[in-house]
Amino acid sequence: MKFKKVSIIIPTYNESENIKRLIPLLDSILKGYDYEIVVVDDSSPDGTAKVAEKLAEEYPVRVLVRDGKLGLASAILYGFKNANGDVLGVIDADLQHPPQLIRTLVDKIMDGYDIAIASRYVEGGGVEDWSFYRRLVSKGAIMLAKPLTRVKDPMSGYFFLRRSVIDGAHLNPKGYKLLLEILVKGKYEKVAEVPYVFTKRMAGESKLNASEYWEYMRLLVHLYKAKFLRV
Ligand code: UDP
Ligand code: MG
């Protein structure tokens, strides 16, 4: 693939402290790349959008504000739809996804992969600082998705793809997990998984709550039907 424009989506909800660190970091890592950052903010009460708009004076950042907290997966898809790049990707705002890895992920797409996933569950990957309970839930969620995909970390929130993978796909994102839906419904052949360690959140707190587990169950039912019953 010839050198293409890269769009990086950062979904945010109350991440004003983190975004101040992350955007300059990404800019220094992506020197020489043709890229844009699209912040999708769900009207964070802490003023994340304002902070991001300030950063946009200095960095190639666009800020899209949605009307209230509409969910992570739909925020990412909204970013993808409004992005200008041929290569699309997403990274969490809270620095739990190592920004340095972004070059490897983007380069995989430039080298011919359709999807490049930062993966906790390939050799060399892992999670730091998770309770036994959260590890168990994550493993359980992945087991339930096993018949849907061969990817080892289909729940990853840190991934890049060619726009053509999702062009024309009927994505109906609910809850947290967009990648799994893309893996079931997208058009692709080559997938790369690159190991990473999911580290501690820098500032603020997690927005993941129990209702997301129910959303995930509903998503699974939908995806099993889509894959095996073609409905
Ligand atoms: N996020 C969002 N909307 C939501 C929930 C989360 O934009 O409804 C963002 C959040 O600000 C962060 C990323 O999605 O940038 C991951 O969320 P979080 O860190 O809360 O999840 P965890 O890392 O605990 O799974
Ligand atoms: Mg997080």
Side-chain angles (χ1 to χ4, degrees), residues 7-23 25-26 37-53 55 61-83 88-99 101-102 117-121 125-142 145 153-160 172-182 196-216 218-219:
S7 295
I8 300 143
I9 314 305
I10 310 180
T12 57
Y13 193 76
N14 286 348
E15 305 286 4
S16 59
E17 284 307 310
N18 294 323
I19 203 103
K20 273 185 217 159
R21 269 279 303 278
L22 179 62
I23 287 177
L25 245 174
L26 287 177
I37 289 173
V38 179
V39 174
V40 180
D41 182 67
D42 280 0
S43 298
S44 299
D46 79 341
T48 302
K50 268 233 150 60
V51 174
E53 268 152 21
L55 288 157
V61 173
R62 280 192 294 135
V63 186
L64 308 177
V65 179
R66 300 195 305 169
D67 251 0
K69 196 160 175 287
L70 302 173
L72 175 55
S74 77
I76 302 165
L77 192 62
Y78 185 77
F80 284 170
K81 291 208 161 133
N82 288 286
L88 308 173
V90 56
I91 183 169
D92 283 358
D94 54 13
L95 291 135
Q96 291 192 279
H97 294 153
L101 200 65
I102 211 160
I117 302 168
S119 175
R120 294 161 295 183
Y121 301 121
V127 285
E128 222 174 54
D129 198 53
W130 264 12
S131 67
F132 173 73
Y133 174 70
R134 186 140 185 210
R135 279 173 207 266
L136 195 72
V137 168
S138 178
K139 287 275 186 201
I142 284 176
D153 193 356
M155 310 296 147
S156 178
Y158 191 13
F159 60 90
F160 280 75
N172 175 25
K174 292 198 177 64
Y176 248 54
K177 304 302 177 191
L178 183 63
L179 178 60
L180 180 61
E181 187 167 5
I182 291 174
Y196 87 103
V197 176
F198 190 79
T199 50
K200 249 194 168 121
R201 159 181 269 283
M202 194 182 88
E205 49 195 48
S206 172
K207 285 97 206 171
L208 187 64
N209 56 39
S211 72
E212 296 300 345
Y213 300 142
W214 289 113
E215 282 295 348
Y216 179 62
R218 289 176 53 198
L219 174 70

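As a basis for the values below, the full set of heavy atoms in this structure was taken, side chains included, without hydrogen atoms, waters or symmetry mates. Residue numbers run from 1 in the order of the sequence given. Just follow the structure's listing: the first ligand is 1, and inside any ligand the first atom is 1.
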Enquirer: Checking Y213 side chain against A141 main chain: does a donor-acceptor pair fall under 3.5 Å?
Expert: no

Enquirer: Under 3.5 Å, side chain of E15 to main-chain N/O of T48, donor-acceptor pair present?
Expert: no

Enquirer: Is a side-chain N or O of D46 found less than 3.5 angstrom from the main chain of S16, in a donor-acceptor match?
Expert: yes

Enquirer: Counting only heavy atoms and a distance below 4.0 Å, can you name the residues contacting ligand 1?
Expert: P11, T12, Y13, E15, K69, G71, L72, D92, A93, D94, Q96, R134, Y176, F198, R201, S206, K207, L208

Enquirer: Without swapping roles, check the side chain of H97 against the backbone of I91 for a donor-acceptor pair under 3.5 Å.
Expert: no

Enquirer: Taking 2.8 Å as the limit, list every protein N, O or S atom around the Mg ion (ligand 2), by chain and residue number.
Expert: D94 OD2, Q96 OE1

Enquirer: Ignoring hydrogens and angles, tell me if any N or O in the side chain of R66 forms a donor-acceptor pair with the backbone of G68 under 3.5 Å.
Expert: no

Enquirer: Looking at E215 and R218, is there a salt bridge between them, counting it only when a charged N and a carboxylate O are closer than 4.0 Å?
Expert: yes

Enquirer: Check for me whether K69 meets the cation-pi criterion with Y13, that is, NZ or CZ under 6.0 Å from the six-membered ring centre and within 45 degrees of the ring axis.
Expert: yes

Enquirer: Evaluate I9 against Y78 for side chain to side chain contact (heavy atoms under 4.5 Å, CB included), listing each step before the verdict.
Expert: CA-CA 9 Å; I9 314 305; Y78 185 77; over 6 Å; no

Enquirer: Short question: side chain of R120, backbone of D153 - any donor-acceptor pair under 3.5 Å?
Expert: no

